[in-house]
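Beneath this line is the structure, given in structure tokens, with notes to follow.
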Amino acid sequence: MPLLAFVLLHLLVALGLPFLARRSTRAAFLTAAVPPAAALVWVLAQAGPVLSGQVRSETVAWAPLIGLEFSFRLDPLGLLMTILVAGIGALVLVYSDAYFSRGGGDARRCAPLLLAFAGAMLGLVLADDLITVYVFWELTTVCSFLLVGQAGISRESRRSALQALMVTSLGGLVMLLGFVVLGESAGTYRISELVAHPPSGAPMAVSAVLILVGAFTKSAQIPFHNWLPAAMVAPTPISAYLHAASMVKAGVFLVARLGPVFSGVPQWWLPAVVFGLVTMLLGGWRALHEHDLKKLLAYGTVSQLGFLMVLFGAGTYTAALAGAAMLLAHGLFKATLFLVVGIVDHQAHTRDIRELSGLGHRMPALAVIATLGAASMAGLPPLLGFLGKEAAFTGFLRGGPTELLVDVVLVVGSMLTVAYSLRTLWGAFADKPGQAPTEAEPPSAEALVPTALPAVAGVVLGIGYPLADELAGGYAAAFVPGDDPYHLALWHGWTLPLLMSAAALVGGVVLHLGRVRVTGLRNRLPRLPDAQRGYERIMALLERVAVGVTGRLQVGSLPTYLGIILLTVLAIPGAALVVRASVPEDLRVYDTALQIPLAIVVVVAAIAVLRAQRRLTAVLLVGVVGYGIGGLFIVDGGPDLALAQFLVETLTLVAFVFVLRRLPARFTQTDTARALRVPKAIIAGAAGVFIALASVIFSAARQAPPEASAEFIANAEHGAGATNVVNAIIVDFRAFDTVGEIAVLAVAATGVASLILASRHERRKRSTRTTPVRVRTPIPSGQRQKEEVRE
């Protein structure tokens, strides 16, 4: 079972890394790089069979009685994502050793957390079950929270980590509800079965919207995009891996994975395309005006994720082919650029483009690597980004006016992409007039090589486009290819998509050259609604509501708390009981005559509790109620239950007596309490009626003894040597339960003994303080000494 084994290998090695990181962070990072590198090698060895249609699948049942299982499947999409997750993960971990060369607490935390995150992402991209997807989805959320927050020293890191956790986890809960709707309507949670036999009807529309909410939050789509730029407070290797190559692609991956299931469902493709286009434009526009290189790349990532959402949400063969190619290209060039920014920040001690100048001369190799990554992001041939972008333009040409409008927006978004790609290179490496060259030392080979490899891979896959076409085409085959399926290639002739690519390049260059005018235009335009400010206002509103609700409910009144609990019981299970339950036909008033006087004692004692004026009297009457119920147990043939009831009542009564010694002897009734007496009585009475009805109905629900009871009866005398089945269950069959009950009684007895000892100690202290002490005081000479008694 290699798929599950690789996931477990990541998680198990991550558990042991903290001990290794205490001795050597270098050893921890290099050891952490081994599991993803091994997974990459194994997956590449399986590429041929997988792309030819030989899908590998594994299933492990972890709760078979309720049908829960871990199901994994390596198909073309899983293969493509595993290359990104494992390949870039191994490179980032090696790079991290150079980045964290100075050590420190963050370095010791990052190695195990990054590897655990890689294992969670590997489980997510290989999952073939909706519940398995959700489990690993939330694991990536938790790992992201810990990685962004780091040690939690700075306020900004804590706020950004909490924001990422809130947005993505709430989206994940909505997505889980969509999974349940989809799985229950289809009768299966297995994704491969859903693709083969997708359900239909209203549940498809509901589940499509709910699942898209989760995908939008994870992949930073408008209006949930603001958490991604805020997460740039994390160290650069974390940004490169989580927020460029893996985690933020989880939402896009989910849309790609379930695209064949929801193909043709308007509630799926329409929001994906519309929100994706808006995200692409707004993310690109924001990137044009950022001065921090990481923030610039972050908004560029938001823009590119919108582009990918459009491609995978469209649900056509050519768009899916373009989406798979762009997914791979984006992971490669964005990882390269983030790692480049990390080197610039590490060597120049700043990433503000207003302070950087002349780094291209000081670090020419790094400038070349960055140029390759930016060129692929801008869509220049012969790089992989060009293949994906041209396929994207082609994917929307064969439809009507709506598809043509989508293409126009994609061209405008691509212009913005070219502009912020040039801004990245110009800001980091250009010689700026009137600005002194930035001092920086050349980077080490350990940092440079992992940065260069993804950029080189983008060139290799662009020139070797048949390999890229096979990788992307394996996923696109899930859609109907049509009579003349599109293939990735560097040259398709003088076509309209080629003209669109050229227009995007020219428009992007013009935008970059006119960046000063563009910034001036932006300053004159009315400000758009700020998602970050909206998030902060929503959180502040939630905090005020929470304070208000808490102030209303947590009033320090035990009757209020009990009333809220009882009202909740009446509203939820009580409503269900009234609607669905029915009273059994063979209901009897009593079974034996002894039940009648005992019941009268219990009822009279309960009424008397309400009328009691002294606290001790009320406690004694509550004890009478408990002893009366114990008597009912004896009458019904349960002496063991009666004994437990008597013990508990006795201990409770003793505890109450010692507590009451510190309280006033009588109850005090305020005007407010008197006014609320009737509502309290109504709530208490309704709760009592509910409990009584529930007891009767639930006790009559069993029609025949279950198999467990029959087994107990059959094995009591033979296996336990007991003719009393109840005794055999308590002592032998369910001995651990009995031990637990004994432990509860021991804890209660210990509490009572503590109260007694504390009371004696307090009495001894009081008696010591109040005992008269004779003190001799000096008096003037010639007078007789006298004694004073001072208390």
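Basis for what follows: all heavy atoms, side chains included, without hydrogens, waters or symmetry-related copies.
- Counting only distance, with no hydrogens or angles, the side chain of Arg109 and the backbone of Leu146 share a donor-acceptor pair below 3.5 Å.
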Run Lys389 and Thr417 through side chain to side chain donor-acceptor pair (under 3.5 Å) and show every step you take. CA-CA 11 Å; Lys389 196 162 290 188; Thr417 304; 4.6 Å; no
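- Side chain of Ser246 to main chain of Val85: no donor-acceptor pair is present (N/O by atom type, distance under 3.5 Å, no hydrogens or angles).
- For the pair Lys294 (side chain) and Met232 (backbone), a donor-acceptor distance under 3.5 Å is present.
- Distance check, rounded to the nearest 0.5 Å: CH2 of Trp42 to CD of Gln46 gives 4.5 Å.
- Here Glu69 pairs with Arg190 in a salt bridge; the nearest charged N to carboxylate O distance falls below 4.0 Å.
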Given the rule in the ring pair (Phe, Tyr, Trp, His ring centres under 6.0 Å) test, do Phe275 and Phe224 qualify, once you have shown the distances and angles that lead to the verdict? CA-CA 11 Å; Phe275 281 87; Phe224 309 108; 8.2 Å; no
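- Side-chain N or O atoms of Glu58 include one that pairs as donor or acceptor with a backbone N or O of Leu4 at under 3.5 Å.
- Under a 3.5 Å cut-off, the side chain of Ser376 and the backbone N or O of Gly373 do not form any donor-acceptor pair.
- Note: Phe136 and Phe70 have tilted aromatic rings, judged against thresholds of 30 and 60 degrees for the angle between ring planes.
- Remark: aromatic rings of Tyr475 and Phe312 are close, center separation under 6.0 Å.
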List the steps, then state whether side chain to side chain donor-acceptor pair (under 3.5 Å) holds for Gln150 with Ser157. CA-CA 7 Å; Gln150 291 293 288; Ser157 63; over 6 Å; no
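- The structure places CE of Met377 at 10.5 Å from OG1 of Thr336, a figure rounded to the nearest 0.5 Å.
- In terms of modelled atom types and a separation under 3.5 Å, the side chain of Glu156 and the main chain of Ser154 share no donor-acceptor contact.
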List the steps and the verdict of ring pair (Phe, Tyr, Trp, His ring centres under 6.0 Å) for Phe179 and Tyr134. CA-CA 9 Å; Phe179 283 171; Tyr134 178 73; 7.2 Å; no
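- In this structure, CG in Leu77 is found 7.5 Å from CG in Leu327, a value given to the nearest 0.5 Å.
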